[in-house]
Amino acid sequence: MQVDSAEVSFGLHRDSLQLHHIMPPVGAALWRSLRAHQVYGANTDVGKTIISTVLCNAVQRQKQQAAFLKPVSTGALDDADDRHLQRYGAGTLTKCLYQFDDPVSPHLAAKDKFVPRDDDLLASIHSTLSGWARSNIDFALVETAGGVHSPGPNGNSQADLYRPLRLPIVLVADSRLGGISSSISAYESLLLRGYDISSVLLFRDEYYQNHEYLRDYFQKKSIPLVSLPAPPARPSQLDADSQLRDEEAMLSYYRKSAEESEILQLLEEMSVNNTERVQRLEEMADRAQDLIWYPFTQHQGMKAKDITVIDSAHDDYFQTFGSTTSKDTQSELRPTFDGSASWWTQGLGHGNPELSLSAAYAAGRYGHVMFAGAVHEPALALADNLLKTIENPRLTKVFYTDNGSTGMEVAVKMGLRASCDRYGWDASQEQIGILGLKGSYHGDTIGVMDCSEPSTFNKKVEWYRGRGHWFDFPLVKMVGGSWKVEIPSELQAELGEDVDFASLGSVFDLSQRLESATAQRYKDYIRRTIEDLVQRQGAKFGALILEPVILGAGGMLFCDPLFQRCLTDVVRDHPELFSTNAPAPKQSPSWSGLPVIFDEVFTGLYRLGRRTSASFLGVHPDVAVNAKLLTGGLVPLCTTVASEEIFDAFSSTEKSDALLHGHSYTAHAVGCTVAVDSLKTMAQLDTDGSWDAYRADWCSSSPTAAAASTPDVWSVWSHGLLQDLSSADSVESVFAIGTVLSISLRDAAGGGYNSNASKGLQQKLAVGGDQFNVHSRVLGNVLYLMSSVTSKPESLREMERLLRSALV
């Protein structure tokens, strides 16, 4: 490609001049006909461009069309790598996107010049490859600069910069002294980030013989290695005659190298690998339908086309195969926004390199070590960090399990033991239930199923008994552009009529609302109900279990925080309700009435924009359970944190009185290490201004925002979106808080988990727009969307555009 010297002096080619606007997310790069690879070097000056030229020559000599793309080049234009391919590539099509004059690392060369955003650079690469695929180019190489971790123009490691494309890798190893180490290190860095290394090439050096050692190393990993003779040395001084001889020598070298059988065999393997990759993706849905029993899925009538085939994931996006693709790319893979945050676990983006490195470190240091009667640094560090994060003066002891359901099993055991111990109850002789809310869901293991009312999730499970009482409660929602607390019709006689609020922040202003007549009605109703259950019906309760603020699986039910606060206060302030020999209420950290258990598996750790969802209620529970976001969405881990007093209820001279619960992978060192780093990262985001724009949007939408007492309540989803959607004809109500957006669709049949009212919206989002489509989950007539805490504003705004297009 020819460029003007004036353009080069500004550090960019004319091909990139249009990239000043916000670019859409880039999908992974895969085409049926175009065999595209990325060339990484184990170090700088290892011969990447010479290897690229050899491969392109071999392709051209097979009567196929090769292409070479250099995204970022530095140094003199005459020495540019794409110019070398123009000169020696036997007709290879070449292109360079950004040329910087200085012969230094791209981040230095781009200093004080126009610097393309990483997203812009990726989009331009993908667009170029797509154009070549449409033009029937057979083979393409995208060559990086320097080594694997050499920085790009913005200073980010190339290994991370180019990861969204996830092109198969041609690794050029280092044949020099120290090259074995640098080559293996480069391979491991790429592997750690989810790249597929398709081949390794390097020059032969008969003295160091790196090629012999590395051939054995990579053969064990089923990665082919091809060694080539070193290219002819360049003359020290290039006059006209010596330059001509140098060019003739290089042409002869490329001609011979391109005809080597190992090179031709490697190209054939590359072609086969590309075909087989597409074939595997094509077959995955059918094979999955034959082999896999899916969770929460009625397989009757399910077809292979209903299964989302995920090739990889990065940031907020799956890279999916077979979904509706954009006509102008023809790519086999498409970015699909992970609208359920991978079932509520995703916090810091898929493929997060820092978390991956943390996991690899812990795996290398520990693997897994047994935990009973032992300790390791990650488990100790996480326990300390988590207690500081939660900031609950009641909680002192951390118990480790592997997921939210088992963590809640432990919490229930803790709560029931503490109550029975204090009140002298014998659970083997009498049934001890729990207090909770209708629509609660705490997991699918048998014990915690009994902590929820009969529902679609549990009533057909043969051992389910349902032990407890579950209060109906007022809901928070936005309807017609206004916030309201909606009282269930059957409770309006006791709790009053629906109440409108000026802002969501005012709903959470419990310092004011606790003094209201509504709060007193709530407390009176709760107290009378418990009195009736215990004194007249003879029920016994061992714990109060709440999902603070939002009841997730029950249908994204946004409980009036005042009701949850009043329920907790009544339980703690009136222990006489539960036992005639109950001691008088005690001050924290002692529990009173019943142990209060908060299931924050879904709502905790910044899901709602705060460290804990308990903070919205102004309540410190006696037991708190966290999972999902605990590890940023990378590995399973759960913590059940309890007070010293509850811990003491298991203290005895008898081994049988201990909390005899555990897992083989308790306090898994990998999970604990990742969780420590995840919590640190989220805490930094909370204080470094990353969410200030979202806070400002919600603050400006509230007429009471200036009031010092107004709680900090905000969402990544714009307040304007909620106002628009809440006025749509097909929408019954909406709400958003933190990363959660919930849309309840009107359903003449009344809604509920078995409703199909939200299927139409789900299908429209699955089709998506030009930039991406959306994978979402529904709960009956409710469609919910969740972002990670690191989602890019432009992705969220495009999501909002899709929603408006579908509903408004």
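When a residue number appears, it is its place in the shown sequence, counting from 1.
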query: Quick one: CD on Glu494 to CD on Gln492, what's the gap to the nearest 0.5 Å?
result: 11.5 Å
- prompt: Is the shortest distance from a Lys or Arg side-chain nitrogen in Asp384 or Lys388 to a carboxylate oxygen in the other one below 4.0 Å?
  reply: yes
query: Does any donor atom in the side chain of Thr518 or Arg521 lie under 3.5 Å from an acceptor atom in the other side chain?
result: yes
statement: When every non-hydrogen atom of Ser615 is compared with those of Thr612, the smallest separation belongs to OG-O, 2.7 Å
field: Ala539 backbone acceptor or donor facing Gln537 side chain under 3.5 Å
entry: no
- request: Look at the aromatic rings of Trp691 and Tyr606 and report parallel, tilted or perpendicular, splitting at 30° and 60°.
  value: tilted
- line: Heavy-atom closest pair (Val448 atom, Ser405 atom, distance to 0.1 Å) is CG2-OG, 3.6 Å
message: Just so I know, are the side chains of Pro711 and Arg610 near enough to count as touching, which here means a heavy-atom distance under 4.5 Å?
response: yes
message: Does Asp573 form a salt bridge (charged side-chain N to carboxylate O under 4.0 Å, His left out) with Arg527? I'd like the steps, not just the answer.
response: CA-CA 10 Å; Asp573 293 345; Arg527 188 174 60 254; over 6 Å; no
task: Give a yes or no on whether Phe647 atom CZ has more than 12 heavy-atom contacts from other residues, nucleotides or ligands under 6.0 Å away.
output: no
- request: First locate atom OG1 of Thr345, then atom CE of Met786, and finally report the distance between them rounded to the nearest 0.5 Å.
  value: 9.5 Å
Side chain Glu732, main chain Ser744, donor-acceptor under 3.5 Å: no
- prompt: Taking atom CD of Glu600 and atom CZ of Arg611, what is their separation to the nearest 0.5 Å?
  reply: 13.0 Å
field: Check: Thr297 side chain, His299 main-chain N or O, donor-acceptor pair, under 3.5 Å
entry: no
statement: Of all heavy-atom pairs linking Ala553 and Leu779, the shortest is O-CD2, 3.7 Å
task: Would you check if the side chain of Asp532 reaches a backbone N or O of Thr529 as a donor-acceptor pair within less than 3.5 Å?
output: no
message: One pair to check against side chain to side chain contact (heavy atoms under 4.5 Å, CB included): Arg513 and Phe501. What are the steps and the verdict?
response: CA-CA 11 Å; Arg513 296 188 64 202; Phe501 288 84; 3.6 Å; yes
field: Side-chain ion pair, Asp450 and Arg465, N-O less than 4.0 Å
entry: no
- prompt: Take atom OH in Tyr665; do more than 12 heavy atoms of anything else shown fall under 6.0 Å from it?
  reply: no
query: With a 4.5 Å limit on heavy-atom distance, are the side chains of Leu785 and Ser776 in contact?
result: yes
- prompt: Can you tell if the side chain of Glu547 reaches within under 4.5 Å of the side chain of Cys559, non-hydrogen atoms only?
  reply: no
- prompt: Between Arg417 (side chain) and Asp657 (backbone), is there a donor-acceptor pair under 3.5 Å?
  reply: yes
task: Nearest 0.5 Å please: distance from the OG1 atom of Thr666 over to the CZ atom of Phe371.
output: 8.0 Å
- prompt: Are the side chain of Ser733 and the backbone of Val479 linked by a donor-acceptor contact shorter than 3.5 Å?
  reply: no
- prompt: Does the side chain of His620 come within less than 4.5 Å of Pro393's, by heavy atoms?
  reply: yes
- request: Start with the C-alpha gap between Val410 and Val625, add the side-chain angles, then the distance that decides, and say whether side chain to side chain contact (heavy atoms under 4.5 Å, CB included) holds.
  value: CA-CA 9 Å; Val410 171; Val625 183; over 6 Å; no
- prompt: Are Leu395 and Leu386 side-chain neighbours, meaning at least one heavy-atom pair lies under 4.5 Å?
  reply: no
- prompt: So which heavy atom on Ala649 is nearest to which on Ala418, and how close?
  reply: CB-CA, 4.0 Å
message: Using a 6.0 Å cut-off, check whether atom CD of Glu430 has over 12 heavy atoms from anything other than its own residue.
response: yes
field: Asp500 atom CG, over 12 foreign heavy atoms within 6.0 Å
entry: yes
- prompt: Can you tell me if Asp338 uses its side chain to pair, donor with acceptor, with the backbone of His775 under 3.5 Å?
  reply: no
message: What I want to find out is whether Asp498 reaches Lys477 closely enough, with some N-O distance under 4.0 Å, to be called a salt bridge.
response: no
field: Separation of Asp421 CG from Leu416 CG (nearest 0.5 Å)
entry: 12.0 Å
query: Do Tyr400 and Thr639 have side chains that get closer than 4.5 Å, going by heavy atoms?
result: yes
message: Before we go on, tell me: are the rings of Phe578 and Tyr423 under 6.0 Å apart, centre to centre?
response: no
message: Restricting to side-chain contact (heavy atoms from CB on, under 4.5 Å), what partner residues turn up for Ile526, sequence neighbours left out?
response: Phe471, Ile530, Phe563, Cys566, Leu567, Val570
message: Minimum heavy-atom separation for Ala614 and Pro548, please, with both atom names.
response: N-CB, 4.3 Å
- prompt: CG/Leu380 to CG/Asn385 distance, rounded to the nearest 0.5 angstrom?
  reply: 11.5 Å
message: Check for me whether Arg607 meets the cation-pi criterion with Phe602, that is, NZ or CZ under 6.0 Å from the six-membered ring centre and within 45 degrees of the ring axis.
response: no
task: Carefully, step by step, assess Val476 and Phe735 under the rule side chain to side chain contact (heavy atoms under 4.5 Å, CB included).
output: CA-CA 8 Å; Val476 178; Phe735 73 78; 5.8 Å; no
message: Check whether Glu453 reaches the backbone of Gly439 with its side chain - one donor and one acceptor, N or O, closer than 3.5 Å.
response: yes
query: Looking at Ile434 and Trp470, what are the two nearest heavy atoms and their distance?
result: CD1-NE1, 3.7 Å
field: Output field: ring centroids Phe558/Trp483 closer than 6.0 Å
entry: no
query: Checking Arg565 side chain against Leu617 main chain: does a donor-acceptor pair fall under 3.5 Å?
result: yes
- prompt: Taking it one step at a time, do Leu551 and Tyr441 satisfy side chain to side chain contact (heavy atoms under 4.5 Å, CB included)?
  reply: CA-CA 7 Å; Leu551 286 67; Tyr441 169 89; over 6 Å; no
Parallel, tilted or perpendicular: ring planes of Phe616 versus Phe508, cut at 30 and 60 degrees: tilted
task: Could you tell me whether the side chain of Thr631 and the main chain of Val635 form a donor-acceptor pair under 3.5 Å?
output: yes
- prompt: Taking side chain as C-beta onward, heavy atoms only, is Leu608 less than 4.5 Å from Val713?
  reply: no
- request: Could I get the full list of salt bridge (Lys or Arg N to Asp or Glu O under 4.0 Å) partners for Asp747, not counting sequence neighbours?
  value: none
task: For the residue pair Leu722 and Trp698, establish whether any side-chain heavy-atom pair is separated by less than 4.5 Å.
output: yes
